[in-house]
**Q** 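Quick one: the structure is below, and I'll ask about it shortly.
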2 protein chains.
Amino acid sequence: MAQRKARGVVTVADVAEHAGVSPGTVSKALNGRGQLKSETRQRVLASAEKLGFAPNLLARSLLSGRTYTVGVLTTDSVGRFTIPLLTGAEDALGAGQMSMLLCESRGDAIREQHYLRVLMARRVDGIIITGRSSNVRPSLGQDFPIPVVYALCQSDSMEDLSVLHDDEKGAEMAVNHLVETGRSRIAHVSGPPRHAATQNRSRGAATALAAAGLSLVLGEPLHGEWSEAWGREAAQRLMRSGERFNGVFCASDQIARGVADGLREGGVAVPEDVGIVGVDNWLPMAEASRPPLTTIDLNLAELGHIAATRLLSAIEGKDAASGIERVPAFLVKRRSTEIG
Amino acid sequence: MAQRKARGVVTVADVAEHAGVSPGTVSKALNGRGQLKSETRQRVLASAEKLGFAPNLLARSLLSGRTYTVGVLTTDSVGRFTIPLLTGAEDALGAGQMSMLLCESRGDAIREQHYLRVLMARRVDGIIITGRSSNVRPSLGQDFPIPVVYALCQSDSMEDLSVLHDDEKGAEMAVNHLVETGRSRIAHVSGPPRHAATQNRSRGAATALAAAGLSLVLGEPLHGEWSEAWGREAAQRLMRSGERFNGVFCASDQIARGVADGLREGGVAVPEDVGIVGVDNWLPMAEASRPPLTTIDLNLAELGHIAATRLLSAIEGKDAASGIERVPAFLVKRRSTEIG
DNA sequence: AATGTTTCTGAAACCGTTTGCGGGAAATCC
DNA sequence: GGATTTCCCGCAAACGGTTTCAGAAACATT
């Protein structure tokens, strides 16, 4: 193979030689620092251009102490929820010329420690911890040497900044929409009772119902898995219960789709007889459902964007925010709640 | 905020002072090089441990010319297909202590060029180009200064190495499975005719049918979108065609699920009357389908693993493979083809 | 005791870039 | 023409490790 040096990488020294100046002058010319005769600057620029010079970011980082890199550590594996988040984060970081180093700890604490060491050894400027966890996760600690932001998963310390989606307000919007489209007898089909998301969504639903002077059909949310099968079963239960209902707020699009299928097959028309709202705006579910689902979009790309922006602020030295920042959800209207 | 230098980063010099040796000796002790008295080595190790020394990878890279980093450039955005691929790649890279720098070009050529420059400036050791593209993508060129592997999307140059899933063999397996479970009148519901995946899957299906002495019901594949709605429509068409059929090979799980729904609602029993096989093993579809889908898993995690392994080989200087490497798919049996 | 051999350690160079400082050359002033 | 000032540019140190090489120290040999 080629020699290391022969690899065709152009250095400031090469540019300097070509332009007949010293390496220091090259640096100043390219970075617009120092006092250079404009003719010299032009000459250096021309040489750099001609040789295809690209400064070695490693060398620069070594000196400046900044790597313009952030680590993204996903606690569970990269999943459906992490994708829009990564995209949003990259938007914010890319604008600041920063790059993302991606690590999947897959829920393994050993692996997480390993990756943290790697990220520190690489001298990343900051870390985003993310991953869908049904509950609060342990903080890295206040003495962690670089800024850390938790996105989508909450740190157990309020000294940290956790950027989270807003389940509760989202649920309120969902129920309000059902009410606004004329549904007064609303049921709630949700996920496993121990999940934070389940609890928050139930709470939001309760708040909105109370505000409208309504109460939940069957009195309680129906709890089950995050699956279509559960949604179908819940639809059966609702129909068999004898209770009248004309709206269902489902804690996920999968559940909502199951409910829609269950109702249709039970002879109940959606949206004419019953309106349905889901959560996630997961397109393959929401759009493929019959009818397509009105749903709460948790705005995960925005969440990623905000998390990255906050991290950048902390890196810049602006005093770091802490506590919990909730990103507003929004409603996406589709046929499942259409009226008239 | 804290001073840059006061940031508590421990250097070899600190360890050296603490252990009463020179920096060079510290390096040798920690890396097991050179000839050191074992007592000295122990003393240095103890000091490093005590001070929490973590070597600065930047400094090491600057000298060694290797960054132990690979760039992962996704042409379209990170999507459903990219996730398992990233996981597989990380497995292979992590074992070699390498990290992934993630860039999304989102189908924008300008952005792609930008990211390539960034990756080069960061002196990554190699690049994986990935992303679902329905057809061949332009090569970065043979004079690109570092190794490149194309994963999941094919380069238009055979000088490059493209690691691809095996649509054709996968389709053969699907059809063979239908034949083995007793179906002899098999239809094929596929995607948009211009997609390479569509064509390859059709070709594989044709091969397997020919080998079994059978021919396609309706003579031609049915082409449509990659959606459930199209699957349902295709099911209608099949039922209305008057042709008898007892097996359907669908080019995706979404289509397959649509077909399953369409048939069930048309009074055709799956798997008793008709067996269905899909492609993707996309769990939310395959498992939520009624009945759950037998499907071809394209083995994308393995694809990512192989792509990363090949890239590592090229980086290590072993002569780089080129052309196309196909990763075998495998069949996942579920109820949609069950017999007896 | 002088020389040769082996074993260990430290000094210094190096990677590629940035930057403060000093100095030479040219321009300005008296 | 000499003293200042101004304007450019080069020198060298620094970042934090690794590696080479020379040489000191310890030991063996004659």
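Here the structure is a predicted model, which is why all the values come from computation and not from measurement. Residue numbering restarts at 1 for every chain, and letters A, B, ... go by the order of the sequence lines.
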**Q** Round to the nearest Å and state the distance from A:L51 atom CG to C:dG16 atom P.
**A** 15 Å

**Q** C:dT9, OP1 or OP2 - any side-chain N/O from B:T25 closer than 4.0 Å?
**A** no

**Q** Check the distance between C:dC15's C1' and B:L63's CG and give it to me in whole angstrom.
**A** 5 Å

**Q** Could you pull out every donor-acceptor pair under 3.5 Å between side chains of residues 48-57 of chain A and any protein atom, sequence neighbours left out?
**A**
from  : atom 1 : to    : atom 2 : distance (Å)
A:N56 : OD1    : A:L58 : N      : 2.8
A:N56 : OD1    : A:A59 : N      : 3.4

**Q** In whole angstroms, how far is the C1' atom of D:dC15 from the CG atom of A:L58?
**A** 12 Å

**Q** Is B:E90 salt-bridged to A:R111, going by a charged N under 4.0 Å from an acidic O?
**A** no

**Q** If you pin B:L62 and B:G24 to their nearest nucleotides in DNA chain D, which one's is more 5'?
**A** B:L62

**Q** Got a sec, which pairs hit salt bridge (charged side-chain N to carboxylate O under 4.0 Å, His left out) with one end in residues 146-160 of chain A, sequence neighbours left out?
**A** none

**Q** Specify the separation, in whole Å, of atom OH of A:Y68 and atom P of C:dT18.
**A** 11 Å

**Q** Rounded to whole Å, please give me the gap between CG in A:N56 and C1' in D:dC15.
**A** 13 Å

**Q** Considering only heavy atoms from C-beta outward, does the side chain of B:T130 approach that of B:F81 to under 4.5 Å?
**A** no

**Q** Restricting to side chain to side chain donor-acceptor pair (under 3.5 Å), what partner residues turn up for A:E39, sequence neighbours left out?
**A** A:R43

**Q** Can you tell me how far C1' of C:dG16 sits from CE of B:M120, to the nearest Å?
**A** 15 Å

**Q** Given C:dT18, D:dG16, C:dG16, identify the nucleotide with an atom nearest to the side chain of A:T11.
**A** C:dG16

**Q** Quick one: list whatever passes side chain to side chain donor-acceptor pair (under 3.5 Å) with A:R106, sequence neighbours left out.
**A** A:E104, B:D91

**Q** Starting at atom CG of B:L57, determine the distance to atom C1' of D:dT18, rounded to an integer number of angstrom.
**A** 13 Å

**Q** Quantified as the angle between the terminal helix axes (five pairs each), what is the overall bend of the helix from C:dA1-D:dT30 to C:dC30-D:dG1 to 10 degrees?
**A** 70°

**Q** Listed by chain and number, what are the side chain to side chain donor-acceptor pair (under 3.5 Å) partners of A:D297, not counting sequence neighbours?
**A** A:N281

**Q** Rounded to the Å, how far apart are B:R66 CZ and C:dC14 P?
**A** 24 Å

**Q** Please enumerate all residues that pass side chain to side chain donor-acceptor pair (under 3.5 Å) together with A:Y68, with sequence neighbours excluded.
**A** none

**Q** Between B:V21 and B:A59, which is nearer to the 5' end of DNA chain C once each is assigned its nearest nucleotide?
**A** B:V21

**Q** Tell me, please, which residues at least two apart from B:A95 pass side-chain contact (heavy atoms from CB on, under 4.5 Å).
**A** none

**Q** Go through residues 28-42 of chain B and report each residue with a non-hydrogen atom lying under 4.0 Å from DNA chain C, sorted by number.
**A** B:K28, B:Q35, B:L36, B:K37, B:T40

